[in-house]
Amino acid sequence: MAGGNYDAHAIEAKWQEVWERERTWEVSNEDDDRPATYVLEMLPYPSGEPHMGHLKCYSIGDAIAHFRRRRGERVLHPMGYDAFGLPAENHAIKTGRHPRESTEASIAEFRRQFRRWGISIDWAREFGTHEPRYYRWTQALFLKLFERGLAYRREAAVKWCPKDETVLANEQAQGGVCERCGTPVEVRQLEQWFFRITDYADRLLDDLGTVDWPEHVVTMQRNWIGRSEGAEVVFRCEELGIDYPVFTTRPDTLFGATFFVMAPEHPDVFRLNDSPEVHEYVNRVLTSSSEDRGGEQREKTGVPLGRTVTNPVNGEQIPMYVADYVLMEYGTGAIMAVPAHDARDHAFAEKFGLEIRRVIEGDELPYTGDGAMTASGRFDGKHNREAFGEIVEWLEAEGKGRPSVNYKLRDWLLSRQRYWGCPIPIVHCDACGTVPVPEADLPVELPDVEDYAPKGRSPLAAAEDWVRVDCPSCGAPARRETDTMDTFVDSSWYFLRYCDALNEDAPFERSVVDGWMPVDQYIGGVEHAILHLMYARFWTKAFADMGLVGFQEPFQNLFTQGMITRGGAKMSKSKGNVISPRDYVDPHGADTARTYMLFLGPPEQDADWQDEGVGGVARFLGRLWRLAEDVAASTEDEGPPGGDPTPVLRKAHQAIEVVTRDLERFAFNHAIAQVMELVNVATAAKADAPASHLRFAVATAGSLVFPFAPHLGAEVYERITGGRVWEQPWPEADPALAAGDTFDLVVQVNGKLRDRLEAPVGADRDQLEEMARGSAKVAAQVDGGEIVKTIVVPGKLVNFVVR
RNA sequence: GCGGGCGUGGCGGAACUGGUAGACGCGCCGGCCUUAGGAGCCGGUGGCUUCGGCCGUGGGGGUUCGAGUCCCUCCGCCCGCACCA
């Protein structure tokens, strides 16, 4: 065997050195004649060292980036770090080491490993979101939103994580638990900073139609925005002379509203009834965690308020209740209850013995479907859908209601009472109020503090020298805002900064970002389906409105990768099933680790990492390397493949066709299998195929494997051709060569395979039918029966229908 | 409950618009080479079989000359949301 063994480490070091020295993957912002393409993987959160999920994400992205470059596109493929955040800070509290130190140590390790993996990154554009040169622009952009009224401060009931001692955005408290640590969240009344994302609810919803995203992600965003159309209807409490508007999606059921319910948090509850029973109930609800309260199945609880409101459609006095199944944060915090046509109201009415009045004809109660109206005065007999608008019009004319739209989406709470984040560039002045820090004074740098531990207020508040500042407006003594920003703010615009990463005068130049954006292919985990992807869309739209960018959506195509599991379970320290990329890169090399990662299965699916499988890919790459050594040593370069086509030449052209199609559809596992087939065929043909065919096949294998195993691909290609594979255009198949001269004609009788015949590729229907009729196996099957029909699919098969 | 997805050998998975089910790899079996091998190479590998074939893509039904693929229905699993009026 020529040349010994495949030394992945030597080969990988060799090519990495070339790419680093020549800055091969750097790309200029200057236009050239190539189309600009932006391939982006979600930026990593640097904690410890990269894990298997990172290897998967960047293996996918790199394959796409390489493929598109070689198809003649000018590809931007940058890297950075989402460096602010809780884990680094919690680590700092434990160890006393500054979060900047541990974060930067982690970044260094990520960078080192990414280089070792041979990911084709434009390192000139690299940054961490914790660096003042980045976050000064995060602050500048925050102020632009502030000036436009899109960032504001107000007191509100907010979600509070008692463990992390900070407030959270609604999105980070899904299911009533802290997204970071899983602790049940509490509700607190606090003054906090918000982004007015709700102003963009409709556009965030509508523009989902303009992006090419996985259906389930689009659905999740739709549900999260939760737009529902209906009406606001006013119920009046005559005794107190107060109007209570409610939101309903079913104004057609108004005649069935037999009681009225308020949320325990509703500010008017005690005004309506100040009794000990009501106080006791409300207190019990408010002190119980939101997880106890949630759940449709839970038995309904509540207390009557001893008051009534007037049903505006029929003047009936209906009783008022306070009950925890009504949520203060949705609609108006009060509802009209229609027990006949709403499951929750039905359960409540049953328990409290309230009237259940059917107003829509249909199945058994509670009935939530459509039907003819009944017990609804002049609307009786009308279909409920028809009456819907008429009732709202009528209410509107009477001044008792109007059409209304409600959203689940809440404004984005961005302030955090934590240390390791981007300072909010605001000064509080007794005279001037909330004053933005002038842009010339940015960045507001994060001060060093002694104690990072949260105490219910930001640790920054302890940095007295830093907090005390003169008001930028009037010069009087004032105090800095001490909250920091949610880290999702940092990642809401990083993809824009990559485009113009070295700009010292602005976060980015519009003409530059317009040249690259929107991201042509975004790749990341589905866990960001709502949070990051919604926030980044919102910022992009706000920027578009301010004329900072010329597009509405940041990510045109989204690919969500599946998780890597081990032993069928998510990796975790407690399960002891954690493995890291180094465990495979160290012994086998990056090419093997990356190629196996993509060979494992469809990248959008979860995949179980099995150590035994790695060996198969390592063997395949080793076989390809040896084949290249062998062929390079034992044959001469005779120029392009000529003469009669051989099976190995045909296989090479077929592989080009298949791998190209597979890369377009993210079927990397299939593409790698195809290169394996090519290598198998070429190995078998080594002894007798013409040298030019063999050399072409092996060079093609190197060329096709390059997006997955770039070092070996480059090595093999160089061995055979002397050229640099990444400078070569993506190969094109010769369709005639790929097709060959003959094909396997499938012969069926009644749809069952009976014979295969070798038929000429261009044969017409008659020829194929005649050939098939000549088959002895067909004759045996027909045996006395009659061929009543013959289906011929040229190039494929002949099927005889026999009776 | 609502929404989304999935179900193919011992395992991971192939099968583009209905047209050869199980590509490729793992594992396993047999052989070669070797002092040895957790190296390398060659061959075999869905089940049953009277060796003619027959049966096979979660179950049942349908459309079709032909269904893993389309339709209906049932079962099972996974993910997301969850008292949103």
Side-chain angles (χ1 to χ4, degrees), chain A residues 1 5 174-176 214-220 222-224 226-228 230 246-250 253 257 261 263 293-298 300 323-327 329-338 341-345 347-348 368 406-409 526-527 529-530 562-563 596 599-602 604-617 619-620 622-623 626 657-658 661-662 664-665 667 669-677 679-680 683-684 744-756 780 788-793 795-802:
Chain A
M1 187 90 18
N5 281 320
Q174 289 185 37
E215 197 49 46
H216 67 282
V217 176
V218 170
T219 305
M220 280 165 78
R222 266 203 193 109
N223 292 345
W224 188 256
R227 182 188 154 103
S228 26
V246 302
F247 174 74
T248 179
T249 54
R250 293 295 303 274
T253 64
V261 190
R293 184 171 163 183
E296 230 165 324
Q297 299 85 329
R298 220 191 104 236
K300 296 282 179 283
D324 70 355
Y325 81 95
V326 175
L327 308 174
E329 59 264 33
Y330 187 76
T332 62
I335 62 152
M336 66 175 210
V338 184
H341 304 292
D342 180 279
R344 298 152 300 176
D345 298 342
F348 191 85
T368 53
N406 246 273
Y407 302 89
K408 258 180 68 179
L409 185 69
V526 74
E527 65 273 16
I530 292 173
M563 229 178 21
Y596 179 62
F599 184 62
L600 204 47
E604 68 278 12
Q605 282 176 29
D606 289 352
D608 203 59
W609 182 276
Q610 281 161 338
D611 287 353
E612 309 82 65
V614 182
V617 167
R619 277 193 288 279
F620 154 63
R623 267 203 314 276
R626 277 193 303 278
E657 281 184 345
V658 172
R661 197 191 67 203
D662 287 343
E664 285 165 355
R665 61 187 186 124
N669 56 332
H670 195 256
I672 292 162
Q674 190 62 207
V675 182
M676 287 174 172
E677 287 188 40
V679 170
N680 291 346
T683 302
D744 264 7
L745 175 67
V746 168
V747 184
Q748 298 178 329
V749 175
N750 292 334
K752 288 200 170 198
L753 174 72
R754 292 303 170 188
D755 203 0
R756 290 165 207 231
V788 294
K789 194 171 176 185
T790 306
I791 286 102
V792 182
V793 182
K796 277 242 153 74
L797 60 78
V798 176
N799 183 21
F800 296 109
V801 184
V802 174

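These values consider heavy atoms only, across backbone and side chains, with no hydrogens, waters or symmetry-generated copies. Proteins get letters first, then strands, A, B, ... in listed order; numbering begins at 1 in each.
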Taking atom C1' in both B:rA82 and B:rU45, compute the distance separating them and give it to the nearest angstrom.
49 Å

Who does B:rC51 pair with, Watson-Crick or G-U, both distances under 3.5 Å?
none

When rounded to the nearest Å, what value does the distance between P atoms of B:rC54 and B:rU50 take?
15 Å

Nearest 0.5 Å, please: how far is CH2 in A:W224 from NZ in A:K408?
5.5 Å

Is the base of B:rG10 syn or anti, where syn means the angle lies within 90° of 0?
anti

Of the candidates B:rG13, B:rU20, B:rG25, the side chain of A:Q605 sits closest to B:rG13

What's the gap between B:rC48 and B:rG10 when it is taken at their P atoms, as a whole Å value?
10 Å

If you pin A:N750 and A:E612 to their nearest nucleotides in RNA chain B, which one's is more 5'?
A:E612

Look at the side chain of A:N799 and decide which nucleotide, out of B:rG27, B:rC24, B:rG66, has an atom nearest to it.
B:rG66

In this structure, how many angstroms lie between the C1' atom of B:rA85 and the NZ atom of A:K408, rounded?
13 Å

Please report the distance separating the P of B:rA23 from the corresponding atom of B:rG61, rounded so that it comes out in whole Å.
29 Å

A:H670 side chain: which of B:rG3, B:rA15, B:rU20 is closest?
B:rA15

Mind checking whether A:T790 and A:N799 have side chains closer than 4.5 Å, heavy atoms only?
no

Inter-nucleotide C1' distance (B:rG47, B:rG9), Å rounded:
9 Å

For the pair made of CZ in A:F247 and P in B:rC83, what is the distance, rounded to whole Å?
17 Å

Lys NZ or Arg CZ of A:K300 over A:F348 ring: under 6.0 Å, within 45°
no

With a cut-off of less than 4.0 Å, is there a side-chain N or O of A:Q174 near OP1 or OP2 of B:rC81?
yes

Measure the CD-CE distance between A:E215 and A:M220 for me, rounded to the nearest 0.5 Å.
12.5 Å

Pairwise C1' distance for B:rA67 and B:rG19, with rounding to whole Å:
10 Å

How long is the span from the CG atom in A:N669 to the OH atom in A:Y596, to the nearest 0.5 Å?
11.5 Å

Spatial distance of atom CG (A:N223) from atom CD1 (A:I530) [nearest 0.5 Å]:
8.0 Å

Using a heavy-atom cut-off of 4.0 Å across all strands, would you classify A:E215 as base, sugar-phosphate, or nothing?
nothing

Considering only heavy atoms from C-beta outward, does the side chain of A:V798 approach that of A:V746 to under 4.5 Å?
no

Pairwise distance CZ(A:R250) to NE2(A:H341) - rounded to 0.5 angstrom:
7.5 Å

Just checking A:R222: base, sugar-phosphate only, or nothing, at a heavy-atom cut-off of under 4.0 Å?
nothing

Tell me what A:N406 touches on the nucleic acid: a base, only sugar-phosphate, or nothing, going by heavy atoms under 4.0 Å.
nothing

Determine the Euclidean distance between corresponding P atoms of B:rG18 and B:rG68; express it in Å to zero decimal places.
13 Å

Output the rounded distance in Å from CZ (A:R756) to P (B:rG19).
15 Å

Closest to side chain of A:R661, choosing from B:rC41, B:rC83, B:rC16:
B:rC16

CG/A:L600 to CD1/A:I672 distance, rounded to the nearest 0.5 angstrom?
10.0 Å

Closest nucleotide of RNA chain B for A:E677 versus for A:R250: which of these residues is on the 5' side?
A:E677

Expressed as a whole number of angstroms, how long is the span from A:K752:NZ to B:rA21:P?
10 Å

Whole-Å distance between B:rA14 C1' and A:M676 CE?
13 Å

Please determine, for B:rC6, whether a Watson-Crick or G-U wobble partner exists with both distances under 3.5 Å, and give it or none.
B:rG76

Heavy atoms only, 4.0 Å cut-off, all strands: where does A:T790 land among base, sugar-phosphate and nothing?
nothing

Side-chain atoms of A:K796 come closest, of B:rG27, B:rG19, B:rG25, to B:rG19

Counting only Watson-Crick pairs (N1-N3 plus N6-O4 or O6-N4) and G-U wobbles (N1-O2, O6-N3), all under 3.5 Å, who is the partner of B:rG19?
B:rC65

So what's B:rG27 paired with, Watson-Crick or G-U wobble, going by both distances under 3.5 Å?
B:rU45

Is there a side-chain polar atom (N or O) of A:N680 under 4.0 Å from OP1 or OP2 of B:rG25?
yes

Picking from B:rG3, B:rC41, B:rA14, which would you name as closest to the side chain of A:N669?
B:rA14

By the Watson-Crick or G-U definition, both distances under 3.5 Å, B:rC81 is matched with B:rG1

Sugar-phosphate only, base, or nothing, as touched by A:L600 at under 4.0 Å among non-hydrogen atoms:
sugar-phosphate

Counting side-chain heavy atoms from C-beta on, which of B:rC83, B:rG80, B:rC65 comes nearest to A:M220?
B:rG80

Specify the glycosidic conformation (syn or anti) of B:rG9, with syn defined as within 90° of 0.
syn

Whole-Å gap separating P (B:rG4) and NE2 (A:H216)
12 Å

If the C1' atom of B:rC65 is compared with that of B:rG60, how far apart are they to the nearest Å?
24 Å

Without decimals, in angstroms, what is the distance between A:Q748 CD and B:rA67 P?
9 Å

Proximal nucleotide (of B:rC26, B:rA14, B:rC81) relative to the A:P602 side chain
B:rA14

Separation of B:rG3 P from A:R227 CZ (nearest whole Å):
20 Å

Regarding A:R754, tell me which of base, sugar-phosphate or nothing describes its non-hydrogen contacts under 4.0 Å with the strands shown.
sugar-phosphate

From the candidates B:rG4, B:rU20, B:rC24, the one with an atom nearest any side-chain atom of A:F599 is B:rC24

Please pick, from B:rG3, B:rC81, B:rG12, the nucleotide with the shortest atom-to-atom distance to any side-chain atom of A:T219.
B:rG3

